[in-house]
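Read the structure below first, then the notes.
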There are 2 protein chains.
Amino acid sequence: MPKNTQISKAVIKRLPRYRRYLKELMADGVDKISSKEFSQLTGYTASQIRQDLNNFGGFGQQGYGYNVEALFEEISSILGLDREYKMVLVGGGNLGQALANYTHYSNMGFIVECIFEVNPRLIGMRINGIKVRDYEELVDYLKENSVDIGIICTTKNTAQEVSDKLCEGGVRGIWNFTALDVSVPKGVALENVHLSDSLHSLAYYMMENSQ
Amino acid sequence: MPKNTQISKAVIKRLPRYRRYLKELMADGVDKISSKEFSQLTGYTASQIRQDLNNFGGFGQQGYGYNVEALFEEISSILGLDREYKMVLVGGGNLGQALANYTHYSNMGFIVECIFEVNPRLIGMRINGIKVRDYEELVDYLKENSVDIGIICTTKNTAQEVSDKLCEGGVRGIWNFTALDVSVPKGVALENVHLSDSLHSLAYYMMENSQ
DNA sequence: TAGATTGTTAATCGATTAACAATC
DNA sequence: TAGATTGTTAATCGATTAACAATC
């Protein structure tokens, strides 16, 4: 139960990371952890961890710490990972195909229903079980099916058009892998993965290190 | 010519974005831009843009603005994009193959020399011209060849081992796509792309929107 | 010269860290 | 009860924004 103040982006970015470590702890059979121990594990300060978690509620117990499994469930719920998301991916090239698979099989609850493509050689095929449809069918498909998230993996120059069609078609989230910062209407969530930007930052830090 | 104060991560994250927009402006034949106009384009405040750029030098001209092409070159140089980087990718699965291609062909100067894999069916093949080698050869390869950046695209449980081999082999940067936060020795730059974390943040914002 | 816009300092805002009272 | 550790307030730090003098 979130308090009604807006949570900062910085906090939200840390939650999936906390969750990953909690999952590992569960796998290792650890059932309680203090903010201090969790700090050593994650690299965030104990103070920040407590501060972050208390945005959402008091999940710990004084003198004891946090129950690993309970905290994992709480964070999962906060992130909305206790539901299912239907997704479509647009742009079934090399990277698109790989991402469709990755997303579908590595993340519980995120279901990639199909891939939309313009290349006639791919249309009609199945890629690891995920059907490839004609991009022309996208708008109709969205009319007939409820889709939560659209993944954009096209070229830069069609990205905005694709995003518009997805948003008009009723998706509530866009996961964008193109180099374009697409704009989405209010009420649609947007997450960009700019791979080249990431690589370019890496280049910077390499140079900085060697000075 | 960077001043000798450490530049904050927030600034470095914005530079590739500035550069992308400058590239677009160049393609559109625009040759000067003011911080105010650039603000409208990028969504960052004019003040922040000027502040950021002045960490590295005075690239503008009072009363005029910034020369688009010159600024693009400056930022490229700051990011270290005026050199070549030799890369190897470890883990040539679905996503690894796609990333090797993407990196090799979408980014000038980032050359993926080869892919290392354990799957015997892939070893010896070429994927879009990039040779797949036996993972067993990685250590020797790094002894004989100078490699700048290692891309890790294996499963989570071998990620740290791979990272260690790459770092001992002399790479100066790690681009990590696994869900593990690998640790690298001081002097090696690390950039993580946690795809699942990104997706999980998206899920959060979708929920937040619909409340 | 007048107008525009930078470079840079100062003010504000927000996020992180420290401290400690509450409490298990 | 004593010890440990949270939840939360206060202090600090850093990043963003505003303001304006410098200057093209």
Side-chain angles (χ1 to χ4, degrees), chain A residues 1-18 21-22 25 30-72 74-75 78 201 204 208, chain B residues 1-18 21-22 25 30-72 74-75 78 201 204 208:
Chain A
M1 348 91 217
K3 298 173 186 176
N4 56 5
T5 48
Q6 174 90 359
I7 309 294
S8 88
K9 281 193 180 179
V11 175
I12 301 309
K13 260 191 69 180
R14 285 191 289 269
L15 293 182
R17 197 154 191 253
Y18 291 152
Y21 281 97
L22 290 165
L25 288 168
V30 179
D31 46 41
K32 80 128 209 168
I33 194 157
S34 69
S35 59
K36 197 180 165 193
E37 293 164 321
F38 205 46
S39 165
Q40 280 151 2
L41 191 64
T42 60
Y44 298 118
T45 64
S47 212
Q48 180 159 69
I49 291 165
R50 294 203 301 277
Q51 193 78 279
D52 282 354
L53 297 176
N54 273 83
N55 281 302
F56 303 98
F59 303 137
Q61 191 174 317
Q62 278 105 327
Y64 174 81
Y66 297 86
N67 178 291
V68 170
E69 196 174 336
L71 189 55
F72 175 83
E74 287 287 359
I75 294 181
I78 290 164
S201 305
Y204 176 84
E208 199 185 47
Chain B
M1 346 83 229
K3 296 172 186 175
N4 57 4
T5 49
Q6 174 91 358
I7 310 294
S8 89
K9 280 192 181 182
V11 175
I12 301 309
K13 261 191 69 177
R14 285 190 289 270
L15 292 183
R17 197 153 190 253
Y18 292 152
Y21 280 97
L22 289 166
L25 288 167
V30 178
D31 47 41
K32 80 128 209 169
I33 194 157
S34 69
S35 59
K36 197 181 166 193
E37 293 164 320
F38 205 47
S39 167
Q40 281 151 4
L41 191 65
T42 60
Y44 298 119
T45 63
S47 210
Q48 181 159 71
I49 291 165
R50 293 204 301 277
Q51 193 76 277
D52 283 353
L53 296 177
N54 273 84
N55 282 301
F56 304 97
F59 302 137
Q61 191 174 318
Q62 278 106 327
Y64 174 83
Y66 297 86
N67 178 290
V68 171
E69 196 175 335
L71 188 56
F72 175 83
E74 288 286 0
I75 293 181
I78 290 163
S201 305
Y204 176 83
E208 198 185 48

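Small disclaimer: the values here were computed from a predicted structure and weren't measured. In what follows, chains carry the letters A, B, and so on, assigned in the order in which the sequence lines appear, proteins first and then strands, with residues in each chain numbered from 1. Because only heavy atoms are used, hydrogens play no part in the values below, and waters and symmetry mates are left out as well, while side chains stay in.
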Can you find a pair of side-chain heavy atoms, one from B/Y18 and one from B/L71, that are under 4.5 Å apart?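 Of all side-chain heavy-atom pairs linking B/L71 with B/Y18, none is under 4.5 Å.
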Is A/F56 close to A/I7 at the side-chain level, that is, under 4.5 Å between some pair of heavy atoms? yes
Value in whole Å for how far the [atom2] atom of [N] lies from [atom1] of [X]:
X     : N     : atom1 : atom2 : result
B/N67 : C/dA4 : CG    : P     : 21 Å
A/Y64 : D/dT6 : OH    : P     : 11 Å
A/N54 : D/dT6 : CG    : P     : 10 Å
B/K32 : C/dA4 : NZ    : P     : 11 Å
B/F59 : C/dT5 : CZ    : C1'   : 17 Å
A/L53 : D/dG7 : CG    : C1'   : 11 Å

What's the spacing between [X] [atom1] and [Y] [atom2] if we round to 0.5 Å?
X      : Y     : atom1 : atom2 : result
A/I75  : A/L22 : CD1   : CG    : 5.0 Å
B/E208 : A/I12 : CD    : CD1   : 6.5 Å
A/I78  : A/L15 : CD1   : CG    : 6.0 Å

For every nucleotide of nucleotides 13-21 of chain C, 5' to 3': is a protein heavy atom under 4.0 Å from its base (B), only from its sugar-phosphate (S), or from neither (-)? --SSBBB--
Please determine if a side-chain N or O atom of A/Y66 lies less than 4.0 Å away from the OP1 or OP2 oxygen of D/dG7.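 So the side chain of A/Y66 is within the cut-off, an N or O lying under 4.0 Å from OP1 or OP2 of D/dG7.
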Could you list the donor-acceptor pairs under 3.5 angstrom formed by side chains in residues 38-47 of chain B, with sequence neighbours left out?
| residue | atom | partner | partner atom | Å |
| --- | --- | --- | --- | --- |
| B/S39 | OG | B/Y44 | O | 2.7 |
| B/T42 | OG1 | B/F38 | O | 2.9 |
| B/T42 | OG1 | B/Y44 | N | 3.3 |
| B/Y44 | OH | B/R17 | NH1 | 3.1 |
| B/T45 | OG1 | B/Q48 | N | 3.1 |

Which residue pairs satisfy the salt bridge (charged side-chain N to carboxylate O under 4.0 Å, His left out) criterion with at least one member in residues 41-66 of chain A, sequence neighbours excluded?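 Matches after skipping sequence neighbours: A/R14-A/D52.
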Scan for salt bridge (charged side-chain N to carboxylate O under 4.0 Å, His left out) pairs involving residues 30-41 of chain A, sequence neighbours excluded, and state none if there are none.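 Those involving residues 30-41 of chain A do not exist here.
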Could you identify which residues of residues 33-43 of chain B place a heavy atom less than 4.0 Å from some atom of DNA chain D, listed by residue number, or say none? none
Reading DNA chain C 5' to 3', how would its secondary structure be written in dot-bracket notation, given Watson-Crick and G-U pairs with both distances under 3.5 Å, brackets [ ] for crossing pairs and | for partners on other strands? ..||||||||||||||||||||||
Taking it one step at a time, do A/Y204 and B/V11 satisfy side-chain contact (heavy atoms from CB on, under 4.5 Å)? CA-CA 11 Å; A/Y204 176 84; B/V11 175; over 6 Å; no
Residues 62-70 of chain B side chain polar contacts: donor-acceptor under 3.5 Å, at least two apart:
| residue | atom | partner | partner atom | Å |
| --- | --- | --- | --- | --- |
| B/N67 | OD1 | B/E69 | N | 3.1 |
| B/N67 | OD1 | B/A70 | N | 2.8 |

